[in-house]
Structures are given as C-alpha cells and as structure tokens.
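First up is the structure itself, then whatever we jot down about it.
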Amino acid sequence: MAPSINNAKCVLVTGATSGIGRALALAIAALPSHPTVIGVGRRKDRLRELKEAGIEAEEFDVNTDRASMKGFVDEMIKKYPEIDMILLAAGIQREVHFKKEVNLDSIATELNINYMSVVAMITFFMPHFLSKAAAGQPCIIAPVTSGLAYIPAPWVVNYSASKAAVHSLCIALRVQLEDTNIGVIEISPPLVESELHDVEGTTDALSKFWVPIDAYTKEAIEGLQRGDDVVSSGFAKVAYEKFEKPKDGMVSEMAKRSATHSKK
C-alpha cells in the first residue's frame with residue numbers, strides 16, 4: 001500500500017485546467033486535511049478559476065524540452081518546498097490509422113505529453129522526494145494512465161501505447177522505491193466525462209457511455225485516501241484485475257532474483 005493522500009501537505013497536479021486533472025485538484029483541495037494544491041496547466045482563464053477556488057495556479061505546458069521542465073520543477077520546489085505529492089494528469093488523445101496517412105509529428109507530441117513528460121517530471125522531483133522521505137515525510141507519485149493501458153483501443157493506438165508505457169513504469173518504479181517512503185499510485189480511469197475527446201469530435205458519441213466526472217472523482221479520491229497502489233474503477237478495474245494484477249508479484253520476484261544474482 002502507498003501512503004494515504006490524507007497525509008499529503010502539498011500536492012502538485014498537472015493537467016489541472018480540464019477533465020480528470022481539474023476535478024481531482026478541486027477534490028483534493030476540499031479534503032479535511034486541507035493540503036496546499038498547485039494546479040498546473042496552459043489555459044489562463046481556467047487557471048484564474050482555480051485560483052478563485054483557493055488553488056495555487058501555475059502556468060506551464062508539459063510539452064516542452066528537458067531543460068525547461070527541470071527549470072519549472074526547480075522553481076516549484078523553491079516556491080513550494082512542502083511539495084510531497086505529484087499527480088500527473090496532463091494528457092492528449094489522437095486517433096491514428098496506419099492504413100491512412102500517419103502524422104509522425106503528432107505521434108511524437110502525444111508520446112512527449114503522455115509519457116516523456118511524466119518520466120521527466122518524476123526524474124526532476126526525485127531528489128526532493130528522496131530527501132523528504134528520508135526525513136520521515138511520506139511522498140506520493142501518482143501518474144494517470146487509462147483502462148486502455150491494459151486493453152488498447154485500435155483507433156487510439158498511440159494513446160493506448162503511451163498509457164501502457166506509463167503503467168509499466170509505475171509497476172517497476174514501485175519496486176525500485178519499495179525501501180523508501182515514496183509510494184507510486186497509478187490512477188487508472190475508465191472512460192470518464194472529459195474534454196479529452198473534443199479534438200477528434202467524438203465527445204457526443206462517447207458521452208452516451210462515459211462515467212460522470214463527479215462520480216468518478218469520488219471513487220478516485222477514496223482510493224487515494226486508502227493508499228491503493230492502483231486506483232481504478234469500472235472497465236479499467238476489471239481489465240487490471242484480470243490481465244495486469246498478477247504481474248505485480250512477478251516483477252517483485254524478478255527484482256529479488258536480479259538482486260541475488262548481482263551479489264554472487
């Protein structure tokens with residue numbers, strides 16, 4: 001089990017100006033423990049709304065280079081030294097059809113936002129978290145994946161692959177950090193009410209099947225409060241438990257065998 005979000009003092013949320021990121025940022029700010037919440041996003045009008053709701057608002061686009069990402073993380077740590085949790089919800093979704101023309105620049109952008117920005121953010125926050133954890137403060141790294149990480153949707157093949165990569169990262173990183181006070185929580189939603197689908201024009205069709213954002217947020221917050229390693233519900237939970245959960249123990253055993261082998 002990971003640390004409970006109830007113990008978090010300062011939570012930075014990327015993708016906080018829309019969808020799941022925004023809903024979770026607002027819900028975390030409303031917790032009885034009253035953690036400081038830093039909402040990170042691109043949209044100035046939405047950032048103003050977050051600020052009016054009592055959330056610290058920071059403008060930043062995660063689709064950037066490593067130097068800019070490191071500069072942003074360093075600035076956040078300096079400005080908010082109590083940060084002990086990052087919730088990485090920034091993401092985009094694009095349709096890709098390989099029998100038609102494929103835009104590799106679009107694929108690279110989707111991978112950078114959905115995967116590489118997550119890796120970079122974790123990398124640059126890690127020394128800060130290791131220091132805090134060693135001093136006795138539990139820390140949490142919480143990337144948002146998707147049920148499509150476990151069962152890919154053919155029409156959003158690259159999105160599915162990017163979320164599968166983050167899922168794999170979560171499993172391995174959790175094992176790497178198991179002797180620290182840093183928890184890795186994978187937030188894995190099913191199809192949830194969101195603006196994510198607006199670009200492809202599929203919002204109206206998907207709205208007939210998606211989970212209302214308020215209902216999903218309540219479930220997700222409950223999972224974060226319990227400290228579940230994987231916070232999932234609906235289709236995502238069914239897929240995770242059927243296809244992915246057995247891997248967790250296998251990865252731990254693999255790590256133990258590797259450690260034993262390296263000592264010989």
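Side-chain contact check for E241 and Y150: no donor-acceptor pair (N or O, by modelled atom type) lies under 3.5 Å. Between S4 and Q225, the side chains place no donor N or O within less than 3.5 Å of an acceptor N or O (distance only, hydrogens not considered). Side-chain contact annotation: S68 with D65, donor-acceptor N/O pair under 3.5 Å present.
Of the charged side-chain nitrogens involved, at least one lies within less than 4.0 Å of a carboxylate oxygen, so that E222 and K218 count as a salt-bridged pair. Checked for salt-bridge contact, R43 and D45 miss the test: no charged N lies under 4.0 Å from a carboxylate O. Taking the charged nitrogens against the carboxylate oxygens, K79 and E56 have no contact shorter than 4.0 Å, which rules out a salt bridge. Classification of K256 and E253 as a salt-bridged pair holds, one side-chain N sitting under 4.0 Å from a carboxylate O. Note on R42 versus E59: no salt bridge recorded, every NZ/NE/NH1/NH2 to OD/OE distance being 4.0 Å or above. Using a cut-off of 4.0 Å between Lys/Arg side-chain N and Asp/Glu carboxylate O, K78 and D74 are scored as not salt-bridged.
The line from CG of L177 to CE of M126 is 4.5 Å long, rounded to the nearest 0.5 Å.
Using modelled atom types, one side-chain atom of H128 and one backbone atom of I83 make a donor-acceptor pair closer than 3.5 Å. In this structure, the side chain of D84 engages the main chain of C10 through a donor-acceptor pair within 3.5 Å. Of the possible polar contacts, none joining the S258 side chain to the M254 backbone as a donor-acceptor pair under 3.5 Å is found. Between the side chain of D228 and the backbone N or O of V231, no donor-acceptor pair lies under 3.5 Å.
For the pair S233/P190, a side-chain contact is recorded, criterion being any heavy-atom separation below 4.5 Å from C-beta on. Taking the side chain as every heavy atom from C-beta outward, L224 and I185 approach each other to under 4.5 Å.
Taking every heavy atom of both residues into account, I151 and A239 meet most closely at CD1-CB, 3.9 Å.
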